[in-house]
Amino acid sequence: MPNLDIDALRRHTKAGKLERTYLFYGEDVKLASVMADAVEATIDAADRPFAVDRVYATEAGGSPVEIAAACRSLPMLGDRRIVIVMRAERLLKPKRVGKAGEDEVEEEEPGDGDAAATDFTPLEGYLAAPSDFATLVFVATEIDRTRRFTKLLEKHASV
């Protein structure tokens, strides 16, 4: 998908016509948060508790399987569901850690030891066939463009 600028996002949110997937990333955390809030504001304030899920990557509700399931859940009220994944760098660029005295550096996978947190298959499947009624938003400070899932996300999302 093409890159998205602030004005284009404003036009999307003002018209209420959102893309199915967005990826907001960069060092300006405040701007990314404002952009996520603008997407969320397309849902009527009274319906937001039922139609908007804001989760933090690798925390409760923030594993790939839970994110994909939330996107596939029908909205309770209204016609749109929005799932916002905050701190998505935990999934898109996990920290690299090394053990003391070792030259090798291992990647720390999200949810350390939790297979559901490291298996991106549900999200990959969702990106291949997204729900017509859902908008998925990833908000991250940085991403690792060499990872398979990140490449797929950049291909399918408005960045």
Side-chain angles (χ1 to χ4, degrees), residues 1-71 73 75 78 80-98 105-112 114 117-118 120 122-124 126-128 130-131 133-159:
M1 287 245 167
N3 285 341
L4 183 72
D5 63 14
I6 301 293
D7 293 330
L9 180 64
R10 285 188 182 128
R11 286 191 299 274
H12 288 194
T13 57
K14 187 175 183 181
K17 300 209 184 259
L18 300 175
E19 298 289 336
R20 292 185 180 157
T21 309
Y22 290 99
L23 169 60
F24 303 148
Y25 76 94
E27 292 300 316
D28 192 344
V29 177
K30 191 169 191 163
L31 176 61
S33 180
V34 167
M35 292 167 63
D37 290 344
V39 170
E40 183 176 334
T42 62
I43 302 291
D44 183 69
D47 296 343
R48 286 183 201 153
F50 306 104
V52 177
D53 285 327
R54 191 177 283 241
V55 299
Y56 290 85
T58 72
E59 292 182 7
S63 71
V65 69
E66 291 168 315
I67 294 166
C71 291
S73 298
R80 172 131 324 263
R81 179 169 196 72
I82 297 176
V83 178
I84 301 171
V85 182
M86 303 298 292
R87 307 280 315 263
E89 65 273 3
R90 293 176 180 171
L91 292 172
L92 304 176
K93 186 175 182 178
K95 291 182 182 178
R96 296 175 66 85
V97 296
V105 177
E106 288 183 31
E107 282 194 8
E108 176 186 326
E109 291 295 333
D112 194 21
D114 184 3
T118 60
F120 286 94
L123 274 178
E124 290 169 357
Y126 178 78
L127 290 178
S131 301
F133 54 82
T135 296
L136 174 59
V137 180
F138 287 92
V139 181
T141 55
E142 56 187 339
I143 62 175
D144 181 356
R145 288 192 158 132
T146 63
R147 298 179 70 97
R148 187 179 81 201
F149 178 72
T150 305
K151 289 177 185 177
L152 186 66
L153 180 58
E154 283 188 301
K155 178 180 174 186
H156 290 285
S158 291
V159 182

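Using modelled atom types, one finds no donor on one side chain facing an acceptor on the other under 3.5 Å when comparing Ser73 with Arg81.
Checking each of Leu23, Thr21, Ile84 against Val137 for a side-chain contact (heavy atoms from CB on, under 4.5 Å) leaves exactly one that passes, namely Ile84.
The two residues Thr135 and Arg80 have their closest heavy-atom pair at OG1-NH1, 2.9 Å. Taking each heavy atom of Ala134 and Cys71 in turn, the nearest pair found is CB-O, 3.3 Å. For Glu154 against Ile143, the heavy-atom pair with the smallest separation is OE2-CD1, 3.8 Å. Annotation for Thr13 and Thr42: closest pair O-CG2, 3.6 Å, computed over non-hydrogen atoms. Of all heavy-atom pairs between Leu123 and Ala68, the closest is CD2-N, 4.0 Å. In terms of heavy-atom proximity, Arg90 sits nearest to Thr58 at CD-OG1, 3.5 Å.
Between His12 and Tyr22, the two ring planes are tilted [angle within 30° to 60°].
Rounding to the nearest 0.5 Å places CD of Glu59 at 11.5 Å from CD of Glu66. Here the straight-line distance linking atom CE of Met86 with atom CD of Glu89 works out to 9.0 Å at 0.5 Å rounding. Distance check, rounded to the nearest 0.5 Å: CD1 of Ile67 to CZ of Phe120 gives 8.5 Å.
Other residues, nucleotides and ligands contribute only 12 or fewer heavy atoms inside 6.0 Å of the OH atom of Tyr56.
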**OP:** Under the side-chain contact (heavy atoms from CB on, under 4.5 Å) rule, what do Arg87 and Val29 come out as? Steps first, then yes or no, please.
**Re:** CA-CA 10 Å; Arg87 307 280 315 263; Val29 177; over 6 Å; no
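Arg147 places no side-chain N or O within donor-acceptor distance of the main-chain N or O of Lys93, the cut-off being under 3.5 Å.
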